[in-house]
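Chain letters run A, B, ... following the sequence lines, proteins first and then strands; every chain starts at 1.
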Protein chains: 2
Amino acid sequence: MARFAAEGFGAPVRAVAADAGVSPALVIHHFGSKERLRHECDQHVLALIRAAKNENIGRAAEGKSFFEAFATVERHAPLVGYLLRSLQAGGTVARSFVDQMLTDSEQYTAAAVEAGVARPSRDERARARYLTLSALGALLLSVTLDPPADPADLTAYVRRFFTESYLPMIELYTEGFLADRRMLDDYLLYVSDPPRGEES
Amino acid sequence: MARFAAEGFGAPVRAVAADAGVSPALVIHHFGSKERLRHECDQHVLALIRAAKNENIGRAAEGKSFFEAFATVERHAPLVGYLLRSLQAGGTVARSFVDQMLTDSEQYTAAAVEAGVARPSRDERARARYLTLSALGALLLSVTLDPPADPADLTAYVRRFFTESYLPMIELYTEGFLADRRMLDDYLLYVSDPPRGEES
DNA sequence: CTCGGTGCTGAACATGCGTTTAGTGTGCTG
DNA sequence: CAGCACACTAAACGCATGTTCAGCACCGAG
């Protein structure tokens with residue numbers, strides 16, 4: 001039933017009731033109010049996310065290519081749609097989802113650094129936050145700017161977005177973007193010796 | 001008058017009318033409809049953006065530190081607010097703004113590459129798009145997840161966001177994230193010789 | 001069969017929205 | 001002063017929304 005709600009958050013109760021094949025009065029009677037319905041869906045979605053994560057842990061935790069990631073997305077298509085809507089609108093699901101993703105990301109990068117796969121950062125937490133917000137934000141902005149005509153095509157859309165973004169992303173991740181260290185060193189010098197005492 | 005509209009797009013005509021100190025009927029009478037008001041504001045904002053860009057070209061086009069960028073943001077605070085709302089909601093302003101930003105970005109990176117400041121990419125356009133969407137998207141997602149209590153604090157919020165993101169960003173841009181070339185080379189090998197013929 | 005509970009519905013209600021309309025003052029023109 | 005256009009408003013309308021209410025059909029228990 002939660003998947004109906006992914007047709008939009010501002011969307012009328014009558015529509016989700018019609019999708020469920022019941023009267024609008026029933027869904028209100030059952031959930032108490034629209035807000036409570038939203039809350040219930042949020043809880044359900046968060047539970048589904050936890051389940052999906054566990055399921056993925058059960059699978060090959062190591063050799064996960066991004067083909068498997070695509071498969072995961074397609075398997076949980078409505079969930080992804082709901083999540084994107086949430087990220088667009090804000091709210092508790094979005095918050096806790098991103099928070100969880102941040103800690104996960106931090107954990108993963110820590111492991112990657114320890115394994116010698118990733119370079120260490122001067123501020124691991126800030127890097128994890130930046131990388132996560134960038135990746136999610138790019139996807140979010142992309143779907144916001146030109147949303148798929150048919151919401152059912154969302155998985156195809158996500159797939160296309162990632163195949164288009166993968167090259168520049170992995171290029172940036174391995175080779176960087178700037179040719180010299182000047183900007184970084186300038187900044188490091190700046191933070192170690194702030195020129196003006198206006199801010200701490 | 002356009003700045004009133006930045007209090008939200010779904011927001012009632014009555015509110016913006018009250019902010020303008022006039023009756024709701026007048027604004028409708030003057031603009032024809034709410035949609036047309038929105039369109040008018042969009043045009044106005046796009047014009048303001050062009051003006052701001054020209055203004056910035058007039059200033060030190062080269063030695064632009066990001067202090068000046070902050071100053072620019074603060075000088076055009078309502079504009080930035082409107083833009084963020086637009087990016088959140090989608091629509092024509094968001095589209096044309098991002099499109100313009102993409103071509104600008106492509107142009108800048110091309111110049112930077114030619115000047116030897118930036119590394120060349122295997123797909124300059126894709127990289128410009130990725131970098132732009134990531135940067136904008138990260139900011140957008142950040143303000144969506146925990147919006148400033150007072151919309152007037154938005155410039156402070158933007159400032160904080162960038163100061164927090166600058167280190168990981170510049171670090172990533174100069175040093176990269178991955179320690180070895182394996183993922184990139186694997187991908188390059190993959191695209192040069194796709195294993196399955198399902199997609200072109 | 002009757003009774004009561006339960007899942008459910010159609011019609012109504014209140015509210016807030018964008019918009020329309022009739023009308024009012026105000027100032028400019030002759 | 002008369003006429004008129006114009007900026008503006010108060011009140012209403014039509015519509016969609018979330019929500020409520022009285023009642024309907026079913027169904028197991030007595």
Side-chain angles (χ1 to χ4, degrees), chain A residues 1-47 78 81-95 144 147-152, chain B residues 1-47 78 81-96 144 147 149-152:
Chain A
M1 192 155 189
R3 64 180 56 183
F4 304 75
E7 71 172 37
F9 284 128
V13 171
R14 288 168 163 85
V16 321
D19 275 3
V22 297
S23 78
L26 177 59
V27 35
I28 288 292
H29 173 73
H30 189 68
F31 289 104
S33 78
K34 187 186 185 181
E35 195 178 349
R36 293 242 289 261
L37 184 155
R38 167 80 188 271
H39 187 70
E40 208 89 355
C41 288
D42 285 0
Q43 298 290 112
H44 187 210
V45 161
L46 287 178
Y82 191 96
L83 262 179
L84 278 178
R85 297 273 188 180
S86 294
L87 290 180
Q88 202 165 11
T92 68
V93 240
R95 280 282 280 274
T144 303
D150 183 3
Chain B
M1 192 155 188
R3 63 180 56 184
F4 303 75
E7 72 172 37
F9 284 128
V13 172
R14 287 167 164 84
V16 321
D19 274 5
V22 297
S23 79
L26 177 60
V27 34
I28 288 293
H29 173 73
H30 189 70
F31 290 105
S33 77
K34 186 186 185 181
E35 195 177 349
R36 293 242 288 263
L37 183 155
R38 166 80 187 270
H39 186 69
E40 207 89 356
C41 287
D42 285 1
Q43 298 290 112
H44 187 211
V45 161
L46 287 177
Y82 191 98
L83 264 178
L84 279 176
R85 296 275 188 180
S86 295
L87 290 179
Q88 202 166 10
T92 66
V93 241
R95 280 282 278 277
S96 33
T144 304
D150 182 4

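Residue A/T144 comes nearest to B/Q88 through the heavy atom pair CG2-O, 3.6 Å, listed as atom of the first residue, atom of the second, then distance. B/A94 approaches B/L87 most closely through the heavy-atom pair CB-CD2, 3.8 Å. B/R14 and B/P24 make their closest contact through CG-CG, 3.7 Å (heavy atoms, listed as atom of the first residue, atom of the second, distance). Annotation for A/C41 and A/Y82: closest pair CB-OH, 3.3 Å, computed over non-hydrogen atoms.
The distance between atom CG of A/L26 and atom C1' of D/dG23, rounded to the nearest whole Å, is 15 Å.
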- Summary of protein contacts for nucleotides 16-21 of chain D, nucleotide by nucleotide, where a base hit scores B, a sugar-phosphate-only hit scores S (4.0 Å, heavy atoms): -BBBBB
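Side-chain contact between A/Q43 and A/H39 is present, with at least one heavy-atom pair separated by less than 4.5 Å.
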